[in-house]
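Below: the structure, in structure tokens.
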Protein chains: 2
Amino acid sequence: MNRKLPDKTVERLSQYRRALLNYKSSGKHHIFSHEIANLLHITAVQVRRDIMLIGYTGTLRQGYDVQDLIDIIGKIIDTKEGQKVAVVGIGNLGRAIMGYFSGKRTRLTITAAFDSNPEKVNRIYAGIPCYHIEKLTEIIRNEGISIAVISVPGEFAEKVAQDLVMAGIKGVLNFSPKPLNMPSHVYLQEFDMLTILEKVAYFVKKS
Amino acid sequence: MNRKLPDKTVERLSQYRRALLNYKSSGKHHIFSHEIANLLHITAVQVRRDIMLIGYTGTLRQGYDVQDLIDIIGKIIDTKEGQKVAVVGIGNLGRAIMGYFSGKRTRLTITAAFDSNPEKVNRIYAGIPCYHIEKLTEIIRNEGISIAVISVPGEFAEKVAQDLVMAGIKGVLNFSPKPLNMPSHVYLQEFDMLTILEKVAYFVKKS
DNA sequence: ATAACATTGTTATTAAAATAACAGTAATTT
DNA sequence: AAATTACTGTTATTTTAATAACAATGTTAT
């Protein structure tokens with residue numbers, strides 16, 4: 001499985017895996033496409049198509065082997081060594097993100113947090129050390145962190161983004177309301193709270 | 001402008017407006033499509049196409065009238081009376097969301113927050129009263145809240161969603177990792193932190 | 001006055017994602 | 001043994017989104 005998968009398929013694979021890990025604890029070993037579909041509230045065709053794309057094949061009348069499927073998805077979306085993540089900006093959102101990860105076993109590990117507030121620097125949040133933002137480039141380089149989450153206020157986002165690129169970051173999730181511009185070798189995902197809520201409001205109004 | 005616009009166009013309209021409001025304060029009255037494009041790091045064609053879809057037209061060689069464009073976008077995405085929003089779950093994420101809104105002038109107003117923790121109930125967060133989650137249906141009905149943000153842990157998300165539907169909610173933004181199932185008259189937008197980060201990690205790995 | 005330019009608005013094309021259609025087949029029923 | 005059923009896997013179609021192509025036209029330069 002070397003070919004790059006569609007964006008949306010990758011998202012669903014992550015969700016399939018989580019749903020399957022949970023399903024597994026019920027003791028069942030096999031699952032049908034329509035059962036996976038129900039867990040995610042999507043269609044069975046979509047599930048089968050995604051599974052086709054990753055080259056796994058179930059067995060007729062039995063469905064998919066839960067553990068096998070979990071493993072295959074792991075081979076596709078995880079790296080052997082795992083990947084390190086930094087959170088930049090330890091406001092409520094930054095802490096929320098760190099909270100999401102604490103306890104979860106995943107191949108993504110948040111290994112550093114950054115902030116400019118001296119009261120936050122050198123403290124530990126959800127097990128993660130917070131450094132002064134001046135150390136950003138240095139620590140990202142030294143620790144080999146490849147992914148960053150930007151959760152600073154808009155006015156600082158651009159500067160942070162530049163520094164991250166300088167430090168050799170490979171993927172960025174931007175929560176600030178400021179749209180960023182990244183070189184093409186950096187994968188950028190943006191999420192703008194106000195925009196998303198205004199969109200919801202628009203479709204509420206229209207419906 | 002009655003026709004329903006494409007999802008992505010609506011998102012960009014929200015961003016155009018914010019960028020324009022900011023641009024306006026520089027004192028300029030007109031703006032070209034490629035200037036808007038630069039602000040958002042997208043293409044000028046995309047901008048012109050979106051503007052075409054909303055039926056506004058600029059003037060050749062002068063571009064668009066900033067204020068007019070702001071107003072037209074407002075007519076499309078806002079309602080006259082504004083829309084009320086509730087935040088369910090006052091953890092770090094819930095507080096982050098409330099923070100995003102405090103001070104912003106928008107036609108969306110967060111008017112209620114809900115939590116089950118008695119220490120949080122009956123306090124005010126960022127100017128918003130926090131009620132016990134038992135009051136959810138009652139308050140949403142009485143206040144005419146049409147939009148809800150779910151920021152509770154996964155295990156509670158489904159119950160909250162059911163209650164919201166019962167209360168007559170029209171749009172939901174779900175931050176919990178639990179995929180929700182909503183009747184078709186409720187607009188649902190999901191955002192799953194782990195999934196999104198795993199996707200970023202996948203494309204980082206591939207690049 | 002004519003040509004070149006810079007810009008908008010629109011149609012045409014391509015790309016990505018979702019959905020539908022259906023072929024194949026092992027298990028079960030008749 | 002034949003027909004039916006309940007699934008998977010794949011191709012075809014449709015829908016949505018993005019990009020490209022280009023016509024139209026006022027402005028500036030020559």
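So you know, we letter chains A, B, ... as the sequences are listed, proteins then strands, and number each from 1.
Taking every side-chain heavy atom of A/Pro6 into account, C/dA17 is the closest of C/dA17, D/dA17, C/dT11.
The distance from atom CD1 of A/Ile36 to atom P of D/dG9 is 11 Å, rounded to the nearest whole Å. Going from atom NZ of A/Lys4 over to atom P of C/dA15 covers 16 Å, rounded to whole Å. Counting to the nearest Å, the P atom of D/dT10 and the OH atom of A/Tyr56 are 14 Å from each other. C/dT8 atom P lies 10 Å from atom CD1 of B/Ile31, rounded to whole Å. Between B/Asp65 atom CG and C/dT8 atom P the separation is 13 Å, expressed in whole Å. The distance between atom NE2 of B/His41 and atom C1' of D/dT19, rounded to the nearest whole Å, is 20 Å. Following rounding to the nearest Å, B/Ile51 (CD1) and C/dT7 (P) show an atom-to-atom distance of 15 Å. Whole-Å rounding puts the A/Leu53 CG to C/dA18 P distance at 11 Å.
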With the criterion being N/O to N/O and under 3.5 Å, what pairs connect the protein with nucleotides 4-7 of chain D, and how long is each?
from: D/dT5; atom 1: O2; to: A/Arg61; atom 2: NH2; distance (Å): 2.2
from: D/dA6; atom 1: O4'; to: A/Arg61; atom 2: NH2; distance (Å): 2.6

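Across the interface with DNA chain C, nearest-nucleotide mapping of A/Lys8 and B/Gly58 shows B/Gly58 to be the residue nearer the 5′ end.
To the nearest 0.5 Å, atoms CD1 (A/Ile72) and CD1 (A/Ile54) are separated by 6.5 Å. For the atom pair CD1 of B/Ile42 and OH of B/Tyr16, the computed distance is 3.5 Å after rounding to the nearest 0.5 Å.
Checked for salt-bridge contact, A/Asp163 and A/Lys159 meet the test: a charged N lies under 4.0 Å from a carboxylate O. Using a 4.0 Å cut-off between charged side-chain N and carboxylate O, B/Asp78 and B/Arg17 make a salt bridge.
Side-chain atoms of B/Thr195 and A/Arg18 form a donor-acceptor pair, as typed in the model, at a separation below 3.5 Å.
Residue contacts shown for B/Thr9 are absent, as no nucleic acid heavy atom lies under 4.0 Å away.
Checked against a 6.0 Å centroid threshold, the rings of B/Phe175 and A/Phe191 count as neighbours.
Contact annotation: A/Arg12 side-chain N/O to C/dA17 OP1/OP2 distance is not under 4.0 Å.
In plain terms, the two heavy atoms of A/Ala161 and A/Leu180 that are nearest each other are CB-CD1, 3.9 Å.
Scanning atom types as modelled, one donor and one acceptor separated by under 3.5 angstrom connect the side chain of B/Arg49 and the base of D/dT19.
A side-chain donor-acceptor contact under 3.5 Å links A/Lys120 to the backbone of A/Ile90. In terms of modelled atom types and a separation under 3.5 Å, the side chain of A/Lys205 and the main chain of B/Ile76 share a donor-acceptor contact.
Remark on the helix from C/dA1-D/dT30 to C/dT30-D/dA1: inter-end axis angle 20°, axes from five-pair C1' superpositions, rounded to 10°.
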